[in-house]
Amino acid sequence: HDYMIKKFKPKFSGNNALELGAGSGNFTTKLDSLFKNLKVIEGSSKSIKYLQKKKLNNTNIIQGDLEDLQNVEDDEKYDNIFLIHTYEHILKRKKLLKNICKKLKKKGKFFLVTPNANAGSRRLAVKMGIIKKTTSVTWQEKKHGHHVTFDLKKLTKEVKDSGYKILDFGGIFFKALANFQIDLSLKNKIINKDYLDACYKLGNEFPELCSSIYVVAKKK
């Protein structure tokens, strides 16, 4: 999340923001410190309980359906809208993208991040026979509610086809290891922050191998 903020912060517009889908609220906490007015729409009551336990000074939390964006006032527009590791959970994605577009201000920015089908770790998993192809949705991902696994081509196409102009796209963080392997390596001091910083820099050179891919877009 720190590397996402580093990537996106120069592109922020204005002082208000909308986050769709907060999960455990770790990214929300970072947004809360960056925007004077942050609204969060979250469908899970469990996630909302997580959010309510955090010290959020600038955040208004609302439970609602993401695809319909209910509970977001019809006349309310946003400078920045964030959809971080949530899009892959959505079935009616085209509907959601069109609704998000309506909520953007004229110069507003839409920040979309998903896991990357072509991440180095997934390519290795295919070579090892763990998954059939990089775009497969694994049983662990299905368990967590994933419906699709994106590569950059598919992600950018869906955004373009829904009425957006793409301003930037790419990868966040070069990833050769699975998440649990990175966590264990950090815990056992096999790798450190210098290694993570280098992975971020390498991700700028090889976005197709990053753990997550992103699109920054605005209205056409």
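The OG1 atom of Thr28 sits 7.0 Å away from atom CG of Leu56, with the distance rounded to the nearest 0.5 Å. Distance check: Lys165 NZ to Lys218 NZ gives 5.0 Å after rounding to the nearest 0.5 Å. Interatomic distance, Leu20 CG to Asn99 CG, rounded to the nearest 0.5 Å: 10.0 Å. Within the model, atoms CG of Leu38 and CG of Asn60 stand 9.0 Å from one another, a figure rounded to the nearest 0.5 Å. Taking CD from Gln140 and OG1 from Thr138, the interatomic distance works out to 4.5 Å, rounded to the nearest 0.5 Å. Residue Asn58 holds its CG atom at 8.0 Å from CG of Asn37, rounded to the nearest 0.5 Å.
Inter-residue side-chain proximity for Asn80 and Ser13 is flagged as met; some heavy-atom pair is nearer than 4.5 Å. In this structure, Phe169 and Leu155 have side chains that are not in contact, with every pair of non-hydrogen atoms separated by 4.5 Å or more. In this structure the side chain of Ile62 never reaches within 4.5 angstrom of the side chain of Ile48, judged on heavy atoms. With a 4.5 Å cut-off on side-chain heavy atoms, Lys54 and Asn26 count as touching. For the pair Phe8 and Val113, the minimum side-chain heavy-atom distance is below 4.5 Å. Annotation: side chain of Lys7 is in contact with side chain of Asn204 (closest heavy-atom distance under 4.5 Å).
Hydrophobic cluster membership differs between Val40 and Ile81, with clusters built from Ile, Leu, Val, Met, Phe, Trp and Tyr side chains linked at under 4.5 angstrom. Taken together through direct or relayed side-chain contacts under 4.5 Å among Ile, Leu, Val, Met, Phe, Trp and Tyr, Phe110 and Met4 form parts of separate hydrophobic clusters. Taken together through direct or relayed side-chain contacts under 4.5 Å among Ile, Leu, Val, Met, Phe, Trp and Tyr, Ile172 and Leu202 form parts of separate hydrophobic clusters. Taking hydrophobic clusters as Ile, Leu, Val, Met, Phe, Trp and Tyr residues chained together by side-chain heavy-atom distances below 4.5 Å, Val159 does not share a cluster with Leu167. In the hydrophobic clustering of ILVMFWY residues, with side-chain heavy atoms under 4.5 Å counting as a link, Phe12 and Val215 come out apart.
Closest non-hydrogen pair, Lys175 versus Leu177, comes out as CE-O, 2.8 Å. Smallest separation of non-hydrogen atoms from Val126 and Thr134: CG2-N, 3.6 Å. Of all heavy-atom pairs between Ser162 and Leu97, the closest is OG-CD1, 3.4 Å. Minimum interatomic distance between Asp161 and Lys157 (heavy atoms only, all atoms of both residues): OD2-NZ, 2.7 Å. Here the closest heavy-atom approach between residue Cys210 and residue Gly203 is recorded as SG-CA, 3.3 Å. When all heavy atoms of Leu104 and Lys109 are compared, the closest pair comes out as CD2-O, 3.4 Å.
Relative orientation of the Phe150 and Tyr87 rings is parallel, given thresholds of 30° and 60° on the angle between their planes. Taking the six-membered ring for Trp and thresholds of 30 and 60 degrees, Phe111 and Phe82 have nearly parallel ring planes, at less than 30 degrees apart.
At distances below 3.5 Å, at least one donor-acceptor pair connects side-chain atoms of Lys77 with backbone N or O atoms of Lys102. Judged purely by atom type and a 3.5 angstrom limit, Asp79 has no side-chain atom pairing as donor or acceptor with the backbone of Ala17. Judged by distance alone, with hydrogens and angles left aside, the side-chain atoms of Asn192 form a donor-acceptor pair with the main-chain N or O of Asp194 at under 3.5 Å. Remark: the backbone N or O of Asn57 is paired with a side-chain donor or acceptor of Asp32 at under 3.5 angstrom.
With Lys39 as reference, Leu18 is the one residue of Thr59, Ile61, Leu18, Asn16 to meet the side chain to side chain contact (heavy atoms under 4.5 Å, CB included) rule. Across Arg122, Glu141, His85, a single residue satisfies side chain to side chain contact (heavy atoms under 4.5 Å, CB included) together with Pro115, and that is His85. Of the listed residues (Ser47, Ser45, Ser44), just one forms a side chain to side chain contact (heavy atoms under 4.5 Å, CB included) with Gln63, and that residue is Ser45. The residue from Phe206, Tyr3, Tyr214 that alone fulfils the ring-ring contact (aromatic ring centres under 6.0 Å, His included) condition with Phe173 is Tyr3.
Other residues, nucleotides and ligands contribute over 12 non-hydrogen atoms within 6.0 Å of the NZ atom of Lys11.
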- [ ] Check step by step if side-chain contact (heavy atoms from CB on, under 4.5 Å) holds for Val148 and Lys154.
- [x] CA-CA 10 Å; Val148 61; Lys154 180 176 175 63; 3.7 Å; yes
Exercise for the section: Kindly indicate, with the supporting measurements, whether the criterion ring pair (Phe, Tyr, Trp, His ring centres under 6.0 Å) is fulfilled by His89 and His147. Expected result: CA-CA 6 Å; His89 295 259; His147 298 293; 7.6 Å; no
Salt bridge (Lys or Arg N to Asp or Glu O under 4.0 Å) between Asp2 and Lys30: does it pass, once the steps are laid out? CA-CA 8 Å; Asp2 287 332; Lys30 297 182 184 302; 2.7 Å; yes
Between His1 and Thr29, is a side-chain contact (heavy atoms from CB on, under 4.5 Å) present by the stated rule, with each step listed? CA-CA 10 Å; His1 290 147; Thr29 302; over 6 Å; no
Query - Trace of the side-chain contact (heavy atoms from CB on, under 4.5 Å) decision for Ile190 with Tyr195 - result: CA-CA 10 Å; Ile190 298 169; Tyr195 173 89; over 6 Å; no
Candidate pair Ile90 and Leu83, rule side-chain contact (heavy atoms from CB on, under 4.5 Å), full reasoning: CA-CA 11 Å; Ile90 303 296; Leu83 190 64; 5.7 Å; no
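At a threshold of 4.0 Å, the pair Lys201-Glu205 does not count as salt-bridged, since none of the basic side-chain nitrogens sits closer than that to a carboxylate oxygen.
Between the side chains of Thr114 and Glu88, no donor-acceptor pair is found at a separation under 3.5 Å.
Applying the side chain to side chain contact (heavy atoms under 4.5 Å, CB included) criterion to Lys6, with sequence neighbours excluded, gives Tyr200.
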